[in-house]
Amino acid sequence: MKGYGPIDAMVYPRFSGIRTFMRLPHVTDLEGVDFAVIGAPFDTGATYRVGARFGPEGIRSASVLLRPYNPSQDIVIFDHLSGVDYGDFSVVPGYLPESHAQITEGLKPILEAGVTPIVLGGDHSVTLPELRAVAGKYGPVALIHFDSHGDVWDEYFGGKDTHGTPFRRALEEGLLDTARSSQIGLRGSLYEFADIQQSRDFGFQVFT
């Protein structure tokens, strides 16, 4: 297969070049692309520890050491897939509804092109606009969620959209099929027993 892949580290050392994910080309033309890595540099949904707006930048910097061969599966990724770094979604700092809407709209052309998106956050609230776009095309989807917390709170200080509420909103909007969804790694400390139990009550398979 001939498609997009990383630049050759034996020609261009890993400390050189533009910081794209895994040193993939920064391409927005989706012709011949199987997967696209996109940044969602947004953290206005965070209630305590902000700074996740720099997550995509940090992940891209760390990813320069990724290599294309997976020894456990004996797969050379780019013999089978063509991948690009699509850049970042446009967001509005400080304005959550507007930014969420832009993330949803930004994902639509990628999904319509049949390209698999890999989104780098961002606080956990960005998962909700991603699910809106994916479910808008495919209907309710399964969720595999690795986290300390279930992110199914109803509200925080009266606010319905935070990094702790995206999956409650997704359930209310019919975006998830909880019968095929799992939350993995849930643990303390918590406010009360209900913080984990409510995930079970919503139908998630929970692994603490």
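Remember, predicted model here, so these are calculated numbers, not experimental data. Index from 1, following the sequence.
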- Task: Using the rule that two of Ile, Leu, Val, Met, Phe, Trp, Tyr join whenever any of their side-chain heavy atoms come within less than 4.5 Å, decide whether I103 and L30 are in one cluster.
- Result: yes
- Does S148 have any side-chain hydrogen bond (donor to acceptor under 3.5 Å, both in side chains) partners at least two apart in sequence or in another chain, and if so, which? R187
- Task: Tell me whether M22 is reachable from V64 by hopping between hydrophobic residues (I, L, V, M, F, W, Y) whose side-chain heavy atoms are closer than 4.5 Å.
- Result: no
- Find out whether R169 and D161 are in side-chain contact, i.e. whether some heavy atom of one side chain is under 4.5 Å from a heavy atom of the other. yes
- Task: Can you see which heavy atom on K137 is nearest to which on L111, and at what distance?
- Result: CE-O, 3.3 Å
- Under the side-chain contact (heavy atoms from CB on, under 4.5 Å) rule, collect the residues that match up with L65, sequence neighbours excluded. R14
- Smallest separation among heavy atoms of V119 and A40, with atom names: CG1-CB, 3.8 Å
- Item | Verdict with supporting geometry, L175 and L128, side chain to side chain contact (heavy atoms under 4.5 Å, CB included) | CA-CA 9 Å; L175 309 179; L128 179 58; 4.0 Å; yes
- Query: So which heavy atom on I38 is nearest to which on P117, and how close?
  - Reply: CD1-CB, 3.8 Å
- Query: How does the hydrophobic cluster around I18 look, that is, which other residues are in it when side-chain heavy atoms under 4.5 Å mark a link?
  - Reply: none
- Task: Establish whether Y86 and V91 are linked, either directly or via other cluster members, by ILVMFWY side-chain heavy-atom contacts under 4.5 Å.
- Result: yes
- Message: Check whether R23 reaches the backbone of Y12 with its side chain - one donor and one acceptor, N or O, closer than 3.5 Å.
- Response: yes
- Query: Mind checking who shares a hydrophobic cluster with V92, ILVMFWY linked at side-chain heavy-atom distances under 4.5 Å?
  - Reply: Y95
- Item | Polar side-chain atom of D123 near backbone of G45 as donor-acceptor pair, under 3.5 Å | yes
- Shared ILVMFWY cluster between L143 and V141, side chains joined below 4.5 angstrom? yes
- Backbone N or O of P25 within a donor-acceptor pair of the T20 side chain at under 3.5 Å? no
Extract all donor-acceptor atom pairs below 3.5 Å that involve side chains of residues 201-208 and protein atoms in other chains or at least two apart in sequence.
unit_1	atom_1	unit_2	atom_2	d
D201	OD1	Q197	NE2	2.9
Q205	NE2	S182	OG	3.2

- Shortest non-hydrogen pair, V50 vs A46, comes out as CG1-CB, 4.0 Å
- Task: Report the C-alpha distance between L190 and H149 in whole Å, list the side-chain angles of each, state the deciding distance to 0.1 Å, and finish with yes or no for side chain to side chain contact (heavy atoms under 4.5 Å, CB included).
- Result: CA-CA 8 Å; L190 302 167; H149 306 111; 3.7 Å; yes
- List for me each residue that meets side-chain contact (heavy atoms from CB on, under 4.5 Å) alongside D88, sequence neighbours excluded, and say none if there are none. P41, P56, R60
- L176 side chain near P140 side chain, heavy-atom distance below 4.5 Å: no
- Task: Report the residues that fulfil side-chain contact (heavy atoms from CB on, under 4.5 Å) with S61, sequence neighbours left out, ordered by chain and then residue number.
- Result: R19
- Mind jotting down which residue pairs meet the side chain to side chain donor-acceptor pair (under 3.5 Å) criterion with at least one end in residues 105-118? Sequence neighbours excluded, please. E105-K108
- Message: Do S99 and T44 have side chains that approach each other closer than 4.5 Å (heavy atoms only, starting at C-beta)?
- Response: no
- Which heavy atom in L131 sits nearest to a heavy atom in A170, and how many Å separate them? CD1-CB, 3.9 Å
- Using the ring pair (Phe, Tyr, Trp, His ring centres under 6.0 Å) rule, collect all pairs that involve residues 159-179, keeping only residues at least two apart or in two chains. H145-F167
- Message: Apply side chain to side chain contact (heavy atoms under 4.5 Å, CB included) to residues L186 and R200 and explain how you reach the verdict.
- Response: CA-CA 11 Å; L186 302 192; R200 296 190 179 101; over 6 Å; no
- Message: Determine whether a donor-acceptor pair (N or O, by modelled atom type, separation under 3.5 Å) exists between the side chain of T165 and the backbone of E155.
- Response: no
- So if you build clusters from Ile, Leu, Val, Met, Phe, Trp, Tyr with side-chain heavy-atom gaps below 4.5 Å, do L66 and I118 land together? yes
- Task: May I have the step-by-step check of side chain to side chain contact (heavy atoms under 4.5 Å, CB included) for L107 and F89, ending in yes or no?
- Result: CA-CA 8 Å; L107 259 181; F89 293 125; 3.6 Å; yes
- Just grab all the ring pair (Phe, Tyr, Trp, His ring centres under 6.0 Å) pairs involving residues 105-129, residues at least two apart or on different chains. none
- Partners passing side-chain contact (heavy atoms from CB on, under 4.5 Å) against F157 (at least two apart in sequence or in another chain): none
- Item | Worked check of salt bridge (charged side-chain N to carboxylate O under 4.0 Å, His left out) between D151 and R168 | CA-CA 7 Å; D151 293 350; R168 173 73 70 98; over 6 Å; no
- Task: Identify the two heavy atoms, one from D177 and one from S181, that lie closest to each other, and give their separation to 0.1 Å.
- Result: O-OG, 2.7 Å
- Check: Q73 main-chain N/O paired with N70 side-chain donor or acceptor under 3.5 Å: yes
- Message: Measuring only between side-chain heavy atoms, which start at C-beta, is Y4 closer than 4.5 Å to D34?
- Response: no
- Query: Which residue pairs pass the ring pair (Phe, Tyr, Trp, His ring centres under 6.0 Å) test with at least one member in residues 16-74, sequence neighbours excluded?
  - Reply: F42-H100
- Message: To the closest 0.5 Å, what do you measure between OG (S63) and CG (D85)?
- Response: 8.0 Å
